[in-house]
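Just below is one structure, and these are the notes that go with it.
Naming: A, B, ... by sequence-line order, numbering from 1 per chain.
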Amino acid sequence: MLLVEALRDPASTASLDADGWAALLSMARAEQLIGTLARRLTGLLIPDAVERILDEARVNAEYQRRSALWEADCARRALAGYSGKVVLMKGAAYAAEGLKASEGRHIGDLDIMVARADLPQVEAALLAAGWDWVKEDAYDDAYYRDHMHELPPLIHKERDRMIDVHHTILPLTARPKPDAAGMLADAVMLENGFYVFSPTDMVMHSAAHLFADGELDGGLRNLWDIHCLLMEFNDDSFWSALKSRAEHHQLSHAIYCATRLAHQLYGTEIPKDWRNRHRQDKWYIMRLTARDDWGRGTCKFIRLVFYIRSHWLRMPPLMLLRHLWVKWRKG
Amino acid sequence: MSVHEFRVKVGPVAFRICSAWKRPIDQLADLYRDYPTPEIPDYSVRLEARSPFRRFIRPSITLGGDYMLPDAAPLPLAQGLLAAEMAMNLQVALGWRRHLLLHASAVEKDGKALIMTGASGSGKSTLAAMLGHKGWRFMGDEFVLIDLVNGEAAPFPRMISLKNEAIGAMQASALDGRFGPLMIGTPKGDIRHLVPARDAIAQIAVSATPALLLFPSFGYEPAVREIGASEVFMRLTQASTNYVALGEAGFTTLTRFIKTVPARAIDYRDGIEAAALVNQLWDELA
């Protein structure tokens, strides 16, 4: 796929004609990787018309970084009276720590994690500081609180920005049971006062999100995060630490999937014995790269299969039936 | 899947548009026939069938593109031009970062630009269309693009989108004008597109120096009011879709604009009153 090729080997874009560039840019926008692409292509000789588009993407990525950190700071001030750790997750965490994964990255909602026992206190503090529930119905609200890894989403009344407050990294109904308390205990404070996960837990969260939860929407972007994190954390002791941490969190499958596919798509350097291909890899890759030259999602059937799979992973069969029944009745 | 495609450059913005149907593409190609054709588009726009059936039976268009709104309502095929125009505007509104973007109309005379902004229904589009056929160069009726370095206004003269009463008024005054098909009962009322006059297209890449900013209000006794700089600032931040995203460059550009360009609010009841007020203020201030 054009986009994967360009991210993996930016010099490969030298052979693109006008239609090739148009296709690459549309794919990158559809996968929310245009800012990342712009960073990767910096310094290369590319057509002026493309350079102007990439400059625009750089301006936009900088805006998203700035507003994500501002939003994180607003949350920190709202939670100043809370004594527990407030850990930034995903985009905001990468930006706060200045990791390579944050370069040009699209950042949407703010994701934070706190101890589950403290959720009522944290939720009350956010509500008092101007956040409000996004309109949900009673079933959805109860579903979030009983079975999910996060509160129902909150949105700030004035700034119109969403915050997801997590207490662990996977739905409570999923089969793996990660050690959320251990993740909080190991979270580290940065010089700027924000907490982020330890390197292995950061990779763990990204991999769990991609391969043990969702339907692989935005998968190329998440996999690029994983690629960047692995490249940046890669040292002698990292891989054995990652392996034992994955076993501890019951996330070995997700971690092996994530590292293997990052290696296959983006050429990430991983240990030799982590590289064995699996039969299902080609289906993952087909789903991850299902975009045409106009940025449209293709492979409708494969998408449907992964959509069903995401629900299958998220909850046991009987509960899934009940959930689908309620959702279907509500239309 | 067979796809019909068209490319066009409007001012500095290059589009490629694909459609599941041939008709909207033919209409665009006809109306935009004198505009330049770009090689590499800035944005892609897609007019897609809502479902495989709705390509043929009661055809219904879903707007797609590089930038999309999650809850955009589908439109019938007969309103394909409106669909294309809405999707093109959306790309610029959500994507453009190369200028400070003002939701406004503009016309030019002697290298200087008159910029008009205000709520929907204020008449800023109709005024620009009318002045564009009365000795001014039409620069655009949707967006004015302010250069981040030198503060010049770049034109974005897409099709003029006439609504309701403005259709009849312009058909009567722009006798040599080239009009698109009349679209009745769209979500925005009746709509008919008018191709900008020849000079607007010939000078599509020529910027102008902002010289006067007007906030028109339609339907009141003729009047002129001064507006304080702080109020102008507030109104223009609301009229801009990318002011916040541009950060410091946006602030610098907007404050320079406000310090150098005189601003007035005008009330008017018809085109003749408006033209008289515009000419009077232009002679005094620009």
Side-chain angles (χ1 to χ4, degrees), chain A residues 3 13 16-35 37-38 46-71 106-108 134-135 158-162 217 291-298 300, chain B residues 1-7 9 11-20 36-49 51-52 62-68 70 87 90-92 94-101 145 148-149 154 241-251 253:
Chain A
L3 174 59
T13 55
L16 291 178
D17 59 9
D19 285 348
W21 278 111
L24 174 62
L25 294 167
S26 278
M27 286 180 194
R29 283 190 177 123
E31 293 288 342
Q32 296 185 315
L33 275 164
I34 184 90
L37 182 70
I46 48 183
D48 286 345
V50 176
E51 191 59 47
R52 287 192 288 270
I53 294 167
L54 296 180
D55 274 339
E56 195 161 270
R58 291 182 189 106
V59 169
N60 211 45
E62 177 53 26
Y63 158 58
Q64 294 196 357
R65 193 193 66 83
R66 194 169 63 233
S67 44
L69 290 176
W70 171 250
E71 202 57 28
H106 167 86
I107 311 179
V134 181
K135 281 284 170 229
E158 280 152 27
R159 295 192 307 277
D160 208 27
R161 298 277 303 213
M162 303 254 279
D217 248 3
R291 290 268 170 215
D292 71 6
D293 288 356
W294 284 79
R296 284 175 294 214
T298 55
K300 292 240 158 44
Chain B
M1 177 186 169
S2 71
V3 164
H4 307 277
E5 188 185 335
F6 175 65
R7 293 184 184 211
K9 194 166 181 191
V13 193
F15 298 96
R16 68 169 177 167
I17 302 136
C18 75
S19 164
T37 304
E39 272 205 31
I40 299 176
D42 294 305
Y43 303 113
S44 299
V45 164
R46 309 188 302 259
L47 307 181
E48 299 173 315
S51 72
T62 298
L63 305 187
D66 289 337
Y67 296 93
M68 291 187 269
L90 189 69
Q91 307 310 308
V92 181
L94 298 183
W96 197 256
R97 301 285 183 261
R98 296 172 224 177
H99 296 83
L100 177 70
L101 207 62
L145 311 169
L148 298 173
V149 177
T241 55
N242 66 3
Y243 167 73
V244 176
L246 289 172
E248 192 178 349
F251 178 78
T253 304

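- For the residue pair A/Arg66 and B/Val244, the shortest heavy atom distance occurs at NH2-O, 3.5 Å.
- Under the rule for a side-chain hydrogen bond (donor to acceptor under 3.5 Å, both in side chains), the partners of B/Asp66 that lie at least two apart in sequence or sit in another chain are A/Ser26, A/Arg29.
- Nearest heavy-atom pair, B/Asp42 versus A/Ala49, reported as atom, atom and distance to 0.1 Å: OD1-O, 4.4 Å.
- Contacts between B/Val13 and chain A at a heavy-atom distance below 4.5 Å are absent for every atom of the residue.
- Residue contact with chain A, scored on non-hydrogen atoms closer than 4.5 Å, involves the backbone and the side chain of B/Tyr43 alike.
- Here CD of B/Glu48 is found 10.0 Å from CH2 of A/Trp294. Values are rounded to the nearest 0.5 Å.
- When each of B/Met68, B/Glu39, B/Arg98, B/Arg46 is checked for heavy-atom pairs under 4.5 Å with chain A, B/Arg98 comes out on top.
- Heavy atoms closer than 4.5 Å to chain B are found in both the backbone and the side chain of A/Ala22.
- Other residues, nucleotides and ligands contribute more than 12 heavy atoms inside 6.0 Å of the OH atom of B/Tyr67.
- With a 4.5 angstrom heavy-atom cutoff, A/Asp292 does not touch chain B via any of its atoms.
- Of the listed residues (B/Ile17, B/Asn242, B/Leu246), the greatest number of heavy-atom pairs within a distance under 4.5 Å of chain A belongs to B/Ile17.
- Sorted by first then second residue, the side chain to side chain donor-acceptor pair (under 3.5 Å) pairs that include residues 16-25 of chain A, not counting sequence neighbours, are A/Asp19-B/Arg7.
- Comparing B/Pro38, B/Cys18, B/Gly95, B/Pro41 by how many heavy-atom pairs each has under 4.5 Å with chain A, the most go to B/Cys18.
- Residue B/Arg16 touches chain A through both its backbone and its side chain, counting heavy-atom pairs closer than 4.5 Å.
- With chain A as the partner, the residue from B/Ala14, B/Ala245, B/Ser44 showing the most heavy-atom pairs under 4.5 Å is B/Ala245.
- Rounding to the nearest 0.5 Å gives a distance of 11.5 Å between CD of A/Glu62 and CD of B/Glu248.
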